[in-house]
Amino acid sequence: MALALILGWWLVAGSRAQELPRPSLSLHPSQGVSLGDNVTLRCHLPQPAARVELYKEGYSGFKKQAHMDMVQDMAEFPLISVKKEDGVRYQCQYWLLEPPGTLEKSEPVELVVTDPNYPPAKISLIPKECVETGTNVTIQCDNQEFGGIIFLHKDGHSAPLQHQKPNDQATATFTLFGVTVADSGTYRCSYRIGGFYLLSSPLGDGVTLEVTPAPAPPGDERRSHGNLVVAVVRGCAAALVFGLGLYFVLDACSLWIRRDNSPGGEDN
Ligand SMILES: *[C@@H]1O[C@H](CO)[C@@H](O)[C@H](O)[C@H]1NC(C)=O
């Protein structure tokens with residue numbers, strides 16, 4: 001009996017926890033926050049809450065940082081004049097009035113803070129800036145032995161395209177295999193300094209890749225010309241066969257009619 005009660009309670013509690021959705025946390029702006037900038041953390045709620053709490057990651061785990069009472073659908077937590085120590089992960093959590101209780105935390109969100117004191121990474125493009133489709137293009141980024149992780153960005157994309165640890169020469173090598181026209185654009189590098197805080201160098205100078213469609217090889221043209229000839233010959237042959245068929249049918253009909261009309265034909 002006791003076991004059944006415990007099992008029942010566990011099932012009910014489990015299903016209730018599953019039904020209640022997690023909140024989600026977002027950053028505004030989401031990218032390119034530099035030391036001294038303001039940024040807003042928004043906790044989006046699936047339902048009205050009695051209280052929303054913001055948690056900030058520290059050396060010993062996530063710690064409560066701020067809270068807001070009686071929230072309808074979104075709680076905003078502004079961070080004024082961002083410091084290095086703000087470059088960590090954040091989570092939010094909401095409390096319900098009815099039934100009372102806390103709910104799961106949001107997925108952690110990273111606030112990466114740009115520190116303009118770090119020199120930007122150098123970038124180079126191999127083989128050259130203007131290539132044909134299908135070429136393998138290599139982009140090298142050099143961060144002057146600051147270590148960490150090097151990121152490849154493309155203008156117009158908010159998230160980095162690729163990242164890599166630099167080698168012993170402080171160089172990361174990103175390859176774009178068989179580029180298409182869509183790979184045209186301006187590329188830049190940044191790097192994240194290793195360590196507890198999420199600090200980034202500013203975006204470096206850009207290199208512009210221009211991908212032009214490769215002209216069709218001459219063999220292709222000859223083949224398509226050949227295909228056209230084959231199609232025309234086939235069309236003519238079909239028309240000839242159809243014409244001959246029609247001729248024989250008409251001829252047979254006229255014979256038939258002539259035989260029917262010939263006098264005494266049936267009296268033989
Ligand atoms: C591009 O790189 C791939 C993989 O290394 C290789 O198989 C391919 O032949 C290269 N293509 C060209 C055009 O160099």
Side-chain angles (χ1 to χ4, degrees), residues 24 26-27 29-34 87-89 107-234:
S24 68
S26 61
L27 298 171
S30 60
Q31 301 274 323
V33 176
S34 292
V88 291
R89 296 189 301 161
E107 291 285 342
V109 165
E110 290 186 337
L111 172 57
V112 179
V113 178
T114 303
D115 184 343
N117 297 312
Y118 287 96
K122 295 202 181 87
I123 191 166
S124 55
L125 202 57
I126 302 158
K128 52 190 173 11
E129 311 210 329
C130 213
V131 298
E132 286 177 352
T133 52
T135 313
N136 293 341
V137 173
T138 298
I139 299 174
Q140 283 195 332
C141 302
D142 183 317
N143 78 343
Q144 306 169 35
E145 291 164 35
F146 277 98
I149 300 173
I150 300 188
F151 290 79
L152 178 68
H153 305 258
K154 187 178 179 193
D155 285 9
H157 293 242
S158 60
L161 299 182
Q162 298 183 34
H163 62 270
Q164 207 179 91
K165 271 183 177 296
N167 65 10
D168 292 343
Q169 282 78 48
T171 301
T173 303
F174 302 102
T175 306
L176 308 176
F177 291 103
V179 290
T180 65
V181 175
D183 290 312
S184 299
T186 301
Y187 293 83
R188 299 170 198 277
C189 304
S190 73
Y191 54 96
R192 260 194 220 173
I193 298 101
F196 184 73
Y197 296 117
L198 303 169
L199 298 177
S200 166
S201 73
L203 281 179
D205 289 339
V207 287
T208 301
L209 176 68
E210 196 190 325
V211 183
T212 52
D220 276 9
E221 208 178 309
R222 215 178 307 137
R223 204 178 315 135
S224 72
H225 187 73
N227 286 345
L228 185 69
V229 169
V230 167
V232 167
V233 167
R234 273 194 195 148

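The shown structure was predicted, so the numbers you read here are calculated from the model rather than taken from an experiment. One-based numbering along the sequence shown. When reading the values below, keep in mind they use all heavy atoms of this one structure, side chains included, and skip hydrogens, waters and symmetry mates. Note that ligands are numbered from 1 as they come in the structure, with each ligand's atoms numbered from 1 the same way.
- Across the listed options Thr138, Leu176, Asn136, Asn136 owns the non-hydrogen atom lying nearest to atom 10 (C) of ligand 1.
- There is a side-chain donor-acceptor pair under 3.5 Å between Thr186 and Thr208.
- At a threshold of 4.5 Å between non-hydrogen side-chain atoms, the residues Ile123 and Ile139 count as touching.
- Under the 4.0 angstrom criterion, atom 7 (O) of ligand 1 counts as lacking any protein heavy-atom contact.
- Within a 4.0 Å radius of atom 14 (O) of ligand 1, the protein has at least one heavy atom.
- Counting non-hydrogen atoms of other residues, nucleotides and ligands closer than 6.0 Å to NZ of Lys122 gives a total of 12 or fewer.
- Taking 4.5 Å as the limit, some side-chain heavy atom of Leu125 sits within range of a side-chain heavy atom of Val137.
- At the shortest separation from atom 5 (O) of ligand 1 among protein heavy atoms lies Phe177 CE2, 3.9 Å.
- Distances below 4.0 Å separate heavy atoms of Gly134 from the following atoms of ligand 1: 13 (C).
- No donor-acceptor pair closer than 3.5 Å links the side chain of Gln31 to the backbone N or O of Ala159.
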